[in-house]
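Data block below; observations after.
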2 protein chains.
Amino acid sequence: MLRAAVAFADRDGVEALSMRRLAEDLRVVPMALYKHVADKEALLDGMVEVVVGEIGTPAPSGEWKRAVRDGVLAARRVLLRHRWAYAVLESRKTPTRAVLDYLNAMIGLFRAGGFSADLCHHAMHALGSRVLGFTQELFDDSRGLDPATPPEVVRELARRYPHIAEIALGASHDAGSVVGPGCDDQAEFEFALDVLLDGFERLREREMSRGSRRAAPSRGG
Amino acid sequence: MLRAAVAFADRDGVEALSMRRLAEDLRVVPMALYKHVADKEALLDGMVEVVVGEIGTPAPSGEWKRAVRDGVLAARRVLLRHRWAYAVLESRKTPTRAVLDYLNAMIGLFRAGGFSADLCHHAMHALGSRVLGFTQELFDDSRGLDPATPPEVVRELARRYPHIAEIALGASHDAGSVVGPGCDDQAEFEFALDVLLDGFERLREREMSRGSRRAAPSRGG
DNA sequence: ACCTGAACACCGTTCAAGT
DNA sequence: ACCTGAACACCGTTCAAGT
């Protein structure tokens, strides 16, 4: 029944998922669902559990950086199959078992790589939801500008937001078109991940050479 | 009326905000709200606009890193005053004017600091919602464990999730208590921000010395 | 033309009536 | 004891009836 709910959300989106519609989907009377879940929140908890369970436990490999990177990208692949899961997981107040299992294993990869518990803690916070493969993008710019946008509107936007326009244009390396092709989500995700992992690596090295002194990035300015 | 809606959400949370209750709050008949906004989505758009407008435009200062850091932390201060704004902003499909103004100004700070449009683009993506002061935390662990948790449950958790337990313990530097005091959100936010900014700085330096060659972090492994 | 109450098509969940 | 339909207390929004 949780599987059915996940399939429903995959198909019609989580905003379309109501207890009544899910019951209809299962050819069951609405109140019958309450035999399996306490309420809708519990249903959503269960759905998160199913999805995160699909990720499996990140496996240690020779090098911590590679292992962490692979774990995160594995999580990302699963969560891209269930687009709705991001918002739902984020709305949970309490972590579920599968999430705790995953996080525990990820921390283990850092620890095995020689990170102190303290640096590990910071690193997990710095990754934030990226550890589960989420990109916290402000807006989806992967599709670029709507090709139907009238040219005068494009010009007006470029005038008001020159820096944004420059970036949108820069993303399109084929000249001629004013409208960028949008950018590669996966590449941007990996860029950010690698910047963070490189940073962690430097802090770990500093930590190991300095002994007990606290490792921290420079405070800008 | 947007102000009233913002105040309502600040007071009672955005989940309590309905058209009917907001109308009641304003001592007005529900349908009267539709004179000011097309529908509830437009109301939420307007509320985001008010909040993001409070941030103002990030000012350039001598050094790009300091300017970006200050801009982000200014945004964070505003958004901590309106806790609900994070989820609402994230749920918008289309960026609003105030957000575009802010993003445009932030990009300007990078550009003025000598970043190529391309590196700038990656950096903005890597910051993600952090550019507006959001931490995409998976769960709120800032309160630590509930002190009322029975010791046998704490032991069971520590057995099942040893790495998580170690981190939770490590965060409490005063010994004696099994229950950590939780961690400092602001410090974790600044840690992650500084790791990213340091990473951007290194890539910018590499970019400037290498000329046209593409700057990218190492791919782990 | 404007305002607004009732109504519509939904929710999640309670509860009592049926078996 | 279990199941389930009707009912309750909400939504956002439409629409027609009032002025």
Side-chain angles (χ1 to χ4, degrees), chain A residues 1-52 82-97 99 139, chain B residues 1-52 82-97 99 139:
Chain A
M1 173 250 191
L2 289 176
R3 307 271 175 199
V6 168
F8 188 108
D10 287 344
R11 184 168 16 90
D12 298 336
V14 76
E15 69 285 347
L17 180 76
S18 72
M19 298 300 274
R20 290 165 123 110
R21 291 221 239 183
L22 176 59
E24 197 181 5
D25 201 61
L26 291 167
R27 276 183 248 283
V28 137
V29 87
M31 286 313 296
L33 299 179
Y34 289 81
K35 280 279 101 175
H36 302 87
V37 285
D39 53 19
K40 196 183 181 184
E41 288 298 292
L43 173 67
L44 294 173
D45 280 344
M47 290 167 70
V48 165
E49 210 65 355
V50 168
V51 169
V52 177
H82 309 285
R83 301 280 184 154
W84 50 270
Y86 157 77
V88 174
L89 190 141
E90 193 211 5
S91 70
R92 302 302 85 199
K93 285 136 182 54
T94 290
T96 57
R97 255 182 94 104
V99 173
F139 300 102
Chain B
M1 173 250 193
L2 289 176
R3 307 270 174 200
V6 168
F8 188 109
D10 288 344
R11 184 167 18 89
D12 298 337
V14 77
E15 69 285 347
L17 179 77
S18 71
M19 298 300 273
R20 290 166 123 110
R21 291 220 239 183
L22 177 59
E24 195 182 6
D25 201 60
L26 291 166
R27 276 182 249 282
V28 136
V29 86
M31 285 314 295
L33 298 179
Y34 289 81
K35 281 278 100 173
H36 302 87
V37 285
D39 53 19
K40 196 182 181 185
E41 289 298 292
L43 172 67
L44 294 172
D45 280 343
M47 291 167 69
V48 165
E49 210 65 354
V50 168
V51 169
V52 177
H82 308 286
R83 301 280 184 153
W84 50 270
Y86 156 77
V88 174
L89 191 140
E90 193 212 3
S91 70
R92 303 301 86 198
K93 285 137 181 52
T94 290
T96 57
R97 257 182 93 104
V99 173
F139 300 101

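Computed from a predicted structure; not experimentally measured. Quick note on labels: first sequence line is chain A, next is B, and so on, each numbered from 1. Side-chain atoms are counted along with the backbone in the values below, which use heavy atoms only and exclude waters and symmetry mates.
For B/Glu24 and D/dC11, the CD to C1' distance is 14 Å, given to the nearest whole Å. The CG-C1' distance, from A/Leu17 to C/dG12, rounds to 12 Å in whole Å. Spacing between atom CG of A/Leu22 and atom C1' of C/dT13 amounts to 15 Å, rounded to whole angstrom units. Atom-to-atom, CG of B/Leu26 to C1' of C/dC3 comes out at 17 Å; the value is rounded to the nearest Å. Put simply, NZ on B/Lys40 is 16 Å from P on C/dC11, counting in whole angstrom units. As rounded to whole Å, 14 Å separates atom C1' of C/dC11 from atom CD of A/Glu41. What separates OH of A/Tyr34 from P of C/dC15 is a distance of 13 Å, to the nearest Å. Between the CE atom of A/Met19 and the P atom of C/dT14 there is a distance of 11 Å, given to the nearest Å.
Of the nucleotides present, none pairs with C/dC10 by Watson-Crick or G-U wobble criteria with both distances under 3.5 Å. With both pairing distances under 3.5 Å, C/dC3 is matched to nothing as a Watson-Crick or G-U wobble pair. Pairing for C/dA17 is absent, judged as Watson-Crick or G-U wobble with the two contacts each under 3.5 Å.
Here B/Met31 lies in heavy-atom contact (under 4.0 Å) with a base.
A/Ser18 approaches A/Lys40 most closely through the heavy-atom pair CA-NZ, 4.3 Å. Between B/Arg21 and B/Ala16, the shortest heavy-atom distance links the atoms NE-O, 3.5 Å. Contact between A/Ala4 and A/Leu26 at its shortest, heavy atoms only, is CB-CD2, 3.5 Å.
Rounded to whole Å, the separation between the P atoms of D/dC8 and C/dG18 comes to 16 Å.
Distances were taken from every side-chain heavy atom of A/Arg20 (C-beta onward) to each of C/dT13, D/dG12, D/dT4; the shortest belongs to C/dT13. Side-chain proximity of A/Val29 to D/dG5, C/dT4, C/dT13: nearest is D/dG5.
Within the 4.0 Å cut-off from OP1 or OP2 of D/dC3, at least one side-chain nitrogen or oxygen of A/Lys35 is found. In this structure, A/Arg21 reaches the C/dC11 phosphate: one of its side-chain N or O atoms is under 4.0 Å from OP1 or OP2. OP1 or OP2 of C/dG12 has at least one side-chain nitrogen or oxygen of A/Ser18 nearer than 4.0 Å.
The closest donor-acceptor contact from the side chain of B/Arg92 to the backbone of B/Glu41 lies under 3.5 Å.
Within the 4.5 Å cutoff, no side-chain heavy atoms of A/Glu49 are placed close to those of A/Asp45.
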